[in-house]
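Just so you know, ligand 1 is whichever comes first in the structure, and atom 1 is the first atom listed for that ligand. FYI, side chains are in, hydrogens and waters are out, and symmetry mates aren't considered; it's all heavy atoms of this structure. Worth saying up front: this structure is predicted, and the values here are computed from it rather than measured.
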Amino acid sequence: MNMIIPFSPPFIDDEVVEEVLHTLYSKWITTGPKVAALEQEIVKLTSCASAICVNSWTSGAILMLKWFGIKEGDEVIVPAYTYSATALCVLHCGATPVMIDVDEDFCISVEAIRKAITSKTKAIIAVDIAGWPCDYDALNALINEPEIAALFNATSVKQGLLNRILMISDAAHSLGSRYGGEAAAKRSDVTIFSFHAVKNITTAEGGCICLNLPEQFDITAESRYLKMYTLNGQTKDAFSKAQGSGWRYDILFQGLKINMPDICAAVGLAQIRKYETELLPLRKQIALLYSERFKQHDWAILPPLMDEKRESSYHLYPLRIKNITEAQRDLIIDDIVITGVSVNVHFIPMPMLTYFKSLGYQMKDYPIAYHQYACEISLPIYPQLTAEEIAYVISSVISAVEKQLDVVTESSTSNTVVNV
Ligand SMILES: *Cc1c(COP(=O)(O)O)cnc(C)c1O
């Protein structure tokens, strides 16, 4: 009998519902106390100096690139293997995304970055794919190397203050990831989370900017400025105006309007309170079980989950199959989906997408990204999965893969043409 197993449904329990109802009954639904409480939880979870919630990862990234003064003529280094928002935020600022290939562990290649850095490079956006942190020790060492630092050409006040390439982490997948005994979020100048509906914690749509800027920056002042930036550059938010602190306000600069509403924050707030104690351990348990079962098959390439320095946030379980083509991977997915299990591919490398092709990016320049993509299948992984469902996913995947590999062996032994 078929089970129906969705790919990544949001975690909605009674506490989430109550927190949202509380917000509704309070009659304060836009940015206010729930957003402040969520920001506090994020600071507590990550130990970052400051957290500023916004309405998506994408708008948070645009904000931080603009904050740093990135504009036309500037370059920002991004991996080719990521969701397109990682590059689109750069284009929205008028700057050029310089795409780099990844390594076998999905992370951006540090050696390839070194070759791509020019005097126009203003920032690097590293992506913690599936929740697996990039090699931040190597990345931070690279941007601080004297020859690399000497290339940096500051063209804004913030750039002058930092005086080197800005390290941004696309942590859309990696809330809760660990690096060297602390939150991986602490390893970049700026770490941005996504709370989109499919992420480990969701606010339906949303994101959060965490600051770990070096000591020459006044974090309190930068946070206040960034908050204002999310609210049209307005001196007073609606909540403080409603608290009787006066009707008069001013607009100080051309801000964006990307604040997170309280009604959204309420969803994430109820989830994050049980993240480290319940939700994250359940994800980890599923990932470890998948790895335990798939490692018995020599066709499986297991995703990195833990090493002596890092631990994943188990956002995705990107299983890879050895020695298959993209077409075979697609057939395996078809066979898994027929059994009622929804799977996904993370990611279609950006140079394969129409818009990026039209800008001149070519897939042949990113052989490792292509190889990861061609043999990758992301399996369902979320706290609500039951033991029975997990067992069902595992057996669906194994039968689909082995059917495909059998077809290949038969065709190579009997020399018959297989219609793939
Ligand atoms: C989801 C995602 C984003 C975009 O997040 P939004 O909150 O939807 O803007 C960016 N980068 C990666 C790697 C993602 O998976």
Side-chain angles (χ1 to χ4, degrees), residues 7-10 35 38 42 51-66 76-93 97 99-100 102 105-108 123-134 167-177 184-185 188 190-210 230 256-261 264-265 267-268 271-272 283 303 312-318 343-353 355-356 366 369 372-373 376 378 380-382:
F7 181 69
S8 183
V35 166
L38 180 59
I42 293 160
I52 299 127
C53 282
V54 286
N55 62 2
S56 71
W57 182 96
T58 306
S59 50
I62 294 169
L63 169 55
M64 290 317 297
L65 296 174
K66 284 182 177 289
V76 176
I77 292 179
V78 301
Y81 191 77
T82 178
Y83 180 61
S84 54
T86 317
L88 291 172
C89 62
V90 178
L91 292 164
H92 283 310
C93 295
M99 287 187 200
I100 299 289
V102 291
D105 72 345
F106 302 109
C107 297
I108 191 163
I124 297 171
I125 309 181
V127 185
D128 299 337
I129 297 280
W132 179 244
C134 295
M167 189 63 225
I168 301 176
S169 168
D170 177 341
H173 300 177
S174 57
L175 185 74
S177 295
S188 299
V190 175
T191 292
I192 309 173
F193 297 115
S194 171
F195 300 136
H196 174 268
V198 301
K199 309 292 157 102
N200 283 18
I201 295 287
T202 181
T203 58
E205 296 285 354
C208 184
I209 299 159
C210 289
T230 69
L256 301 166
K257 184 61 168 64
I258 57 169
N259 55 306
M260 177 188 283
C264 293
V267 177
Q271 294 176 348
I272 204 169
R283 286 181 172 274
S312 180
S313 64
Y314 311 99
H315 172 59
L316 300 172
Y317 190 87
V343 294
N344 236 305
V345 172
H346 294 93
F347 283 95
I348 305 172
M350 292 185 289
M352 294 179 76
L353 303 171
Y355 181 57
F356 295 102
Y366 310 96
Q372 304 303 320
Y373 152 79
E376 198 268 356
S378 298
I381 177 168
Y382 45 89

Requested in this report: Could you point out which residue of Ser188, Ser177, Ser174 forms a side chain to side chain donor-acceptor pair (under 3.5 Å) with Asp128?
Outcome: Ser174
Report summary line: Sequence neighbours excluded, the answer for ring-ring contact (aromatic ring centres under 6.0 Å, His included) partners of Tyr81 is Phe106
Show me a pair-per-line table, with atom names and distances to 0.1 Å, of protein N or O atoms that are under 3.5 Å from an N or O of ligand 1.
| from | atom 1 | to | atom 2 | distance (Å) |
| --- | --- | --- | --- | --- |
| ligand 1 | 5 (O) | Ser194 | OG | 3.3 |
| ligand 1 | 7 (O) | Trp57 | N | 2.8 |
| ligand 1 | 7 (O) | Ser194 | OG | 2.7 |
| ligand 1 | 9 (O) | Trp57 | N | 3.3 |
| ligand 1 | 9 (O) | Thr58 | N | 2.9 |
| ligand 1 | 9 (O) | Thr58 | OG1 | 2.6 |
| ligand 1 | 11 (N) | Asp170 | OD1 | 3.4 |
| ligand 1 | 11 (N) | Asp170 | OD2 | 2.8 |
| ligand 1 | 15 (O) | His173 | NE2 | 2.6 |
| ligand 1 | 15 (O) | Lys199 | NZ | 3.0 |

**Report entry** Listed partners of Asn344 passing side-chain hydrogen bond (donor to acceptor under 3.5 Å, both in side chains), at least two apart
**Finding:** none
Query raised in the report: Of all residues at least two apart in sequence or in a different chain, which pass the side chain to side chain contact (heavy atoms under 4.5 Å, CB included) check with Pro380?
Result: Ile5, Tyr290, Val341, Val343, Tyr382, Leu385, Val393
Query raised in the report: Under the 3.5 angstrom rule, does the side chain of Thr202 hit a backbone N or O of Lys199 as a donor-acceptor pair?
Result: no
Query raised in the report: Quick one: does Ser56's side chain get under 4.5 Å of Ile258's, heavy atoms only?
Result: no
